[in-house]
Amino acid sequence: MVLRSFLPHGLVVPFARFFGRKGHAASHTVSTELVRQAATRLLDAARVEPDEALQTFNSSPDGLTRHQVHAMRQQYGANILAAKGRDSLPKRLFTSFINPFSVVLLLLACISFFTDYLLADAGERDLTAVIIVTVMVCISGVLHFVQEARSGNAVARLESLVKTTIEVVREGEGKELPINSLVVGDVVRLAAGDMIPADMRILRAKDLFVSQSSLTGESEPVEKFPHALPADLAAASPLDCDNLAFMGSNVVSGAAYGLVLAVGGATLFGSLARQIAATTTPTSFDKGVNSVSWLLLRFMFCMAPVVLFINGFTKGDWVEAALFALSVAVGLTPEMLPTVVSANLVRGAVFMARKKVIARRLNAIQNLGAMDVLCTDKTGTLTQDRIVLEYSLDIHGTEDARVLRHAFLNSWFQTGLKNLLDAAIVNHADELSMQPLRKEYSLVDEMPFDFSRRRMSVVVADTTGKTQIITKGALEEMLTVCSYAEYHGQVEPLTPELQAEILERVRRYNNDGMRVVGVAHKTMSAPGGVFSVADEKDMVLLGYLAFLDPPKDSASKALAALNEHGVRVKVLTGDNDAVTRSVCRQVGLPGKNILLGAEIEGMDDAALKTAVEETDIFAKLSPRQKARIVTCLRGNGHVVGFMGDGINDAPAMKNADVGISVDSAVDVARESAGVILLEKDLTVLEAGVMEGRRTYANIIKYIKITVSSNFGNMFSVLAASVFLPFLPMTPLQILVLNLLYDVSCTAMPWDNVDEEFLRKPRNWNTDSIRRFMFWLGPTSSVFDLTTYALLFWVICPAVVPMPAGGWQAMSSVDQASFAALFQAGWFVESLWTQTMVIHMLRTPGVPLLHSRAAWQVTLLTSLGVAVGTAIPFTALGQGLDMGALPASYFPWLAAVLAGYLALATLVKGAFMRRYNTWL
């Protein structure tokens with residue numbers, strides 16, 4: 001059986017991150033044979049009744065015993081996908097020490113070992129260069145390994161803060177367990193909002209609708225049943241069986257019990273987990289970083305051959321020219337780019353976690369900072385998420401305890417997803433001593449809530465056998481199924497006049513910010529029969545409940561802060577427009593225009609794209625309409641975040657640039673989110689947005705600094721190769737310079753960010769990086785060329801006089817001394833200007849006066865400059881063939897640096913005037 005045929009090309013992997021940790025990927029890789037066996041088990045179980053399926057796996061409605069769990073895990077494996085986990089220690093060590101930088105160093109070490117030791121005369125053998133190179137490889141490798149280890153550990157700690165659980169029946173008791181603890185034979189209880197954690201046979205179900213879009217591409221939920229399939233479906237695919245549910249899908253509505261038949265990599269979903277995890281779709285951020293890398297690499301591929309041939313023909317030493325070209329290529333390659341970007345993202349994730357914001361996907365950090373439109377529900381975000389039942393009223397608005405009693409029975413006996421309204425009803429009823437009702441009634445059946453009906457019903461029977469349906473839901477929908485109304489024990493027809501009176505009274509409560517829910521009932525004459533939503537008709541309206549969810553004290557301040565920082569907040573809710581308008585008014589959100597779901601349904605995409613720009617409040621929306629609004633906002637060029645915690649929010653969260661949820665959200669909402677808030681508060685989110693912008697700022701600073709610096713160095717090296725009779729720096733000197741610069745840049749993730757940069761969202765812009773490179777890169781080249789001239793015509797001749805015949809008339813000893821002095825001078829000047837670049841280009845203002853770098857950046861760059869300046873005067877400098885610089889060099893260096901500061905300031909000003917931006 002070819003499982004690929006079951007799964008369309010659009011398959012996604014929201015589940016993969018919750019399985020497969022380090023060490024598990026390889027050990028749980030499932031063979032094709034085991035996958036085939038699991039598919040056969042699914043088909044076999046689909047053709048038998050639930051009791052027989054339980055017996056096949058020695059299970060029962062009470063679930064497995066502890067001993068059986070262990071045995072089943074041994075036989076069928078653990079519920080862990082073969083997703084890509086963290087690399088093993090040997091592999092991480094190998095990748096840390098073997099990279100383009102270290103390969104060139106090792107190549108140079110080998111050549112030096114042959115030329116300076118094996119082929120040298122006995123009295124001239126020298127291993128200094130070999131030792132220096134080896135130390136450099138060790139320093140580079142250790143830095144990379146430590147940074148990678150810290151990043152990996154930080155990500156693992158953050159992931160452990162967000163866990164997905166499921167209710168499992170074991171030894172007759174329901175327990176909330178992590179989904180990776182499931183085994184074949186477990187009995188699992190499913191409710192609305194749950195992610196299905198394994199492939200399973202449905203044992204019992206009531207109005208169970210499952211979204212399988214991640215597996216089949218079907219947009220509409222599929223209803224699942226517990227009955228056995230006919231035996232003549234022998235050739236059917238498991239996905240065609242309406243009594244099977246699969247990992248990767250989610251429960252939209254209803255409730256069920258299921259028997260686990262396949263786990264981990266043996267599931268249909270898991271069979272492709274490794275392949276999918278390895279081919280994730282790159283984000284705009286990934287594409288931006290890659291475009292910069294390839295831009296520099298293309299320059300390097302063009303530059304290296306030019307440097308090789310120019311130096312080969314002009315100097316005559318092709319081996320030295322090849323090594324120099326290779327060293328230049330490595331110096332121009334952004335080998336630290338992945339490390340610094342990763343360090344920035346991890347540092348941002350750790351800082352966000354301290355502010356109660358968990359980044360489940362590191363790339364979501366940049367999207368969070370770039371977000372300019374936030375779509376959010378009002379409940380729990382703008383309000384306190386502490387719903388209180390204020391009134392229980394009959395149809396004429398008089399307090400009536402009977403309405404509360406029926407609402408209590410509905411909320412207490414439903415087995416689906418209980419919301420805050422249910423909790424408020426139960427708590428209020430308990431305060432009025434209605435607990436005995438729990439024993440006086442029993443649940444017969446139920447019709448779970450769904451977003452099209454916007455109501456839910458339970459069928460209950462009392463001790464005398466009287467059976468009745470009790471329904472509660474949005475009042476407008478309740479009126480469509482009620483033909484009668486009850487007042488003072490008398491049942492009357494629900495006339496249009498009475499409906500108008502009820503709606504007017506409800507409207508007044510809505511205008512006061514209260515949410516109103518209708519309650520109705522109907523006596524049934526068929527106890528023990530089968531009930532369905534078709535029975536929700538000709539009901540008797542008892543009255544309604546009025547709930548209050550007060551606005552949060554922090555909401556107004558958070559909305560103002562988000563608006564000040566360029567984030568426009570739009571409210572997308574399924575609640576009615578009057579309540580929504582009232583709450584928004586109290587928190588200071590302007591509600592001049594309000595758009596309802598019914599109006600959106602009649603709009604085409606072009607009209608809706610215009611409407612979403614003019615509207616900030618959307619009410620009475622379906623899940624599909626929320627997703628459509630998000631899509632239109634993105635189509636208008638916005639970076640959109642969607643904050644939600646319910647089943648109805650999941651489609652919109654998937655369509656947004658960054659999905660935002662809370663740790664208490666339903667599984668499917670949490671799975672759709674890239675960012676999880678540990679506290680449902682816009683103030684917490686605002687702090688996360690600011691941290692996302694700081695992270696992006698330090699990434700873009702490093703990228704622009706590196707790009708402009710490397711681009712400038714290309715001009716300098718090319719000019720030196722053409723005009724100098726010797727190499728401006730030896731290959732080893734270039735690599736030492738590159739190492740010192742890279743070490744200095746590792747502090748960039750901790751740099752301070754100017755407040756003006758945080759005031760508005762900023763998205764990735766590769767064109768801006770390219771412009772920055774062409775404007776600022778040549779600035780340093782001007783002073784490199786100035787330094788060449790000073791060293792060659794002024795400073796070096798003062799120490800090693802050049803005869804009238806010029807360079808060619810000098811002895812080989814004098815030529816070597818002259819070149820060593822020149823190379824030391826350019827080495828120090830290059831290090832100083834590259835370090836200046838970090839401080840000059842990290843801010844649009846004047847360094848020290850308008851903006852100061854973080855102490856980590858200042859410390860590392862100062863140490864780098866100090867070490868680099870001292871090298872020519874040490875034994876290390878002699879080993880690198882550098883000459884000790886004369887005192888007269890440093891005044892010239894100071895003048896060059898002062899000129900560089902002045903020119904860079906002028907170019908920065910011109911750039912900002914031309915493009916009205918800096919970073």
Side-chain angles (χ1 to χ4, degrees), residues 1-3 6-7 13 15-16 18-21 23-83 85 164-171 175 177-190 194-203 215 237-239 241 243-249 256-275 277:
M1 181 179 296
V2 181
L3 291 177
F6 303 152
L7 302 164
V13 210
F15 247 69
F18 284 89
F19 303 88
R21 292 294 181 256
H24 291 305
S27 60
H28 291 283
T29 300
V30 180
S31 69
T32 304
E33 177 61 22
L34 289 180
V35 174
R36 188 193 65 79
Q37 291 174 7
T40 301
R41 286 201 304 274
L42 290 169
L43 289 171
D44 290 344
R47 301 188 195 104
V48 300
E49 294 298 331
D51 289 343
E52 187 176 343
L54 286 166
Q55 292 173 6
T56 302
F57 295 94
N58 296 319
S59 189
S60 72
D62 290 335
L64 300 175
T65 65
R66 186 177 304 176
H67 175 73
Q68 287 177 310
V69 169
H70 179 74
M72 286 295 193
R73 186 172 286 117
Q74 292 296 317
Q75 182 176 356
Y76 295 104
N79 197 28
I80 299 171
L81 289 181
T164 302
T165 62
I166 195 73
E167 184 176 340
V168 185
V169 179
R170 287 184 181 171
E171 298 179 336
K175 306 175 182 178
L177 298 175
I179 55 180
N180 59 12
S181 67
L182 287 181
V183 298
V184 171
D186 264 327
V187 175
V188 174
R189 183 182 182 279
L190 299 172
D194 285 340
M195 295 291 292
I196 294 177
D199 290 355
M200 57 181 63
R201 167 71 158 88
I202 301 301
L203 301 175
L215 294 172
S237 155
L239 286 174
C241 301
N243 57 7
L244 298 178
F246 306 95
M247 174 189 284
S249 56
Y257 283 88
L259 173 68
V260 175
L261 300 177
V263 294
T267 62
L268 298 185
F269 186 92
S271 63
L272 294 180
R274 284 181 302 158
Q275 175 182 330

When every non-hydrogen atom of A78 is compared with those of V263, the smallest separation belongs to O-CG2, 3.7 Å
Is any side-chain heavy atom of L239 closer than 4.5 Å to a side-chain heavy atom of F246?
yes
Which is it for N58 and Q55 under the side chain to side chain contact (heavy atoms under 4.5 Å, CB included) test, yes or no, and what are the steps along the way?
CA-CA 5 Å; N58 296 319; Q55 292 173 6; over 6 Å; no
Would you say R41's side chain and L261's backbone share a donor-acceptor pair under 3.5 angstrom?
yes
Do any N or O atoms from the side chain of N243 and from the backbone of A46 form a donor-acceptor pair under 3.5 angstrom?
yes
Would you say that M247 contacts N79 through its side chain, given a criterion of any heavy-atom pair below 4.5 Å between the two side chains?
yes
From the options T165, I196, I166, select the one residue that forms a side-chain contact (heavy atoms from CB on, under 4.5 Å) with I179.
I166
Could you tell me which non-hydrogen atom of S60 sits nearest to which non-hydrogen atom of V187, and how far apart they are?
O-CG2, 3.4 Å
Smallest heavy-atom separation, V184 atom then L64 atom, equals O-CD1, 3.8 Å
Distance check, rounded to the nearest 0.5 Å: S249 atom OG versus D194 atom CG?
11.0 Å
In chain order, what residues pass the salt bridge (Lys or Arg N to Asp or Glu O under 4.0 Å) check against R170, with sequence neighbours excluded?
D186
List the atom of R201, the atom of A53, and the distance in Å for their closest heavy-atom pair.
CG-CB, 4.4 Å
So, taking the atom named CG in D51 and the one named CG in L259, what distance separates them when rounded to the nearest 0.5 Å?
11.0 Å
Heavy-atom closest pair (P197 atom, L182 atom, distance to 0.1 Å) is CG-CD1, 3.3 Å
CG-SG distance between L42 and C241, expressed to the nearest 0.5 angstrom:
8.0 Å
Would M200 and V260 satisfy side chain to side chain contact (heavy atoms under 4.5 Å, CB included), going step by step from the backbone distance to the final call?
CA-CA 4 Å; M200 57 181 63; V260 175; 4.1 Å; yes
Quick one: pull up CZ in R73 and NE2 in H70 and give me the separation to the nearest 0.5 Å.
8.5 Å
Could you tell me if the side chain of Q68 sits less than 4.5 Å from the side chain of T65, heavy atoms only?
yes
Which pair of non-hydrogen atoms, one from F57 and one from M72, has the smallest distance, and what is that distance?
O-CE, 3.1 Å
Point-to-point distance, once rounded to the nearest 0.5 Å, from CG of L203 to CD of E49
11.0 Å
From T267 atom OG1 to D199 atom CG, the distance as rounded to the nearest 0.5 Å:
5.0 Å
